[in-house]
Amino acid sequence: MYVGSVVIDCNDFPAMLAFWQQALRYVLRDPPEEDFAILRDPQGGHVNISVQVVPEKRSGKNRLHLDLYTDNQEEEVRRLLELGATLHPRTPEPGEDFILLEDPEGNVFCVVDTAGR
């Protein structure tokens with residue numbers, strides 16, 4: 001058994017699909033349905049991300065989040081902010097290797113610096 005896809009629930013399907021597709025540089029696996037799409041790594045090496053419409057609004061902190069790994073954290077955070085992410089309002093702890101962001105619907109995710117690994 002393995003993880004085939006992580007599903008992100010949303011209300012604004014077009015906006016969230018566009019954000020995550022650009023954020024991850026993923027491509028559509030199949031033509032999107034009206035309320036569901038699967039994004040895949042064009043190189044085929046990483047887990048799929050699906051975006052799905054749900055009727056209810058997000059409430060509170062999401063219980064699962066993505067850790068996005070990069071060896072150019074500063075550039076990726078800048079790019080993600082330009083795509084519509086926002087900086088999560090928290091005070092980082094000394095020595096943390098991640099920056100906490102929110103997607104356009106407020107779901108948190110981390111951008112982890114892997115340059116020193």
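Being a predicted model, the structure only gives us computed values, none of them experimental. Just so it is clear, the values below take in all heavy atoms, side chains as well, and ignore hydrogens, waters and symmetry mates.
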**OP:** Could you pull out all residues at least two apart from Phe109 that satisfy ring-ring contact (aromatic ring centres under 6.0 Å, His included)?
**Re:** Trp20
Same cluster or not: are [X] and [Y] linked, directly or through other Ile, Leu, Val, Met, Phe, Trp or Tyr residues, by side-chain heavy atoms under 4.5 angstrom apart?
| X | Y | result |
| --- | --- | --- |
| Val51 | Leu64 | yes |
| Leu83 | Val111 | yes |
| Tyr69 | Leu80 | no |
| Val108 | Ile8 | no |
| Val7 | Val3 | no |

Over all heavy atoms of both residues, which pair between [X] and [Y] is shortest? Give the atoms and the distance, please.
| X | Y | value |
| --- | --- | --- |
| Gln21 | Val27 | NE2-CA, 4.1 Å |
| Tyr26 | Val47 | OH-O, 2.9 Å |
| Ser5 | Ser50 | OG-OG, 2.6 Å |
| Pro32 | Leu17 | CB-CD2, 4.4 Å |
| Glu105 | Cys10 | OE1-CA, 3.2 Å |
| Cys110 | His65 | SG-NE2, 3.7 Å |

Subject >> Pairs meeting criterion salt bridge (Lys or Arg N to Asp or Glu O under 4.0 Å) with involvement of residues 28-54, two or more places apart >> reply: none
Subject >> Spacing of CG belonging to Leu24 relative to CZ belonging to Phe19, to within rounding of 0.5 Å >> reply: 8.0 Å
Original post:
From Leu28 CG over to Ile38 CD1, what is the distance, rounded to the nearest 0.5 angstrom?
Top reply: 10.0 Å
Subject >> NZ/Lys61: more than 12 non-hydrogen atoms of other groups inside 6.0 Å >> reply: yes
Original post:
If you draw a 6.0 Å radius around NE2 in His46, do more than 12 non-hydrogen atoms from other residues or ligands fall strictly inside?
Top reply: no
Please identify each residue that fulfils side-chain contact (heavy atoms from CB on, under 4.5 Å) with [X], with sequence neighbours left out.
| X | result |
| --- | --- |
| Arg25 | Glu76, Arg79 |
| Leu87 | Ile99, Leu101 |
| Val54 | Asp9, Asn11, Gln52, Glu56 |

Original post:
Is there a side-chain contact (heavy atoms from CB on, under 4.5 Å) between Met16 and Asn107 once you walk through the steps?
Top reply: CA-CA 11 Å; Met16 290 290 281; Asn107 300 302; 3.6 Å; yes
Original post:
With sequence neighbours left out, what residues match Glu75 under side-chain hydrogen bond (donor to acceptor under 3.5 Å, both in side chains)?
Top reply: Arg78
**OP:** Could you tell me whether Arg90 and Glu96 make a salt bridge, using a distance below 4.0 angstrom between a side-chain N and a carboxylate O?
**Re:** yes
Original post:
Donor-acceptor pair, Thr70 side chain versus Asp113 backbone, under 3.5 Å?
Top reply: no
Original post:
Hey, is the main chain of Asp97 close enough, under 3.5 Å, to the side chain of Gln73 for a donor-acceptor pair?
Top reply: yes
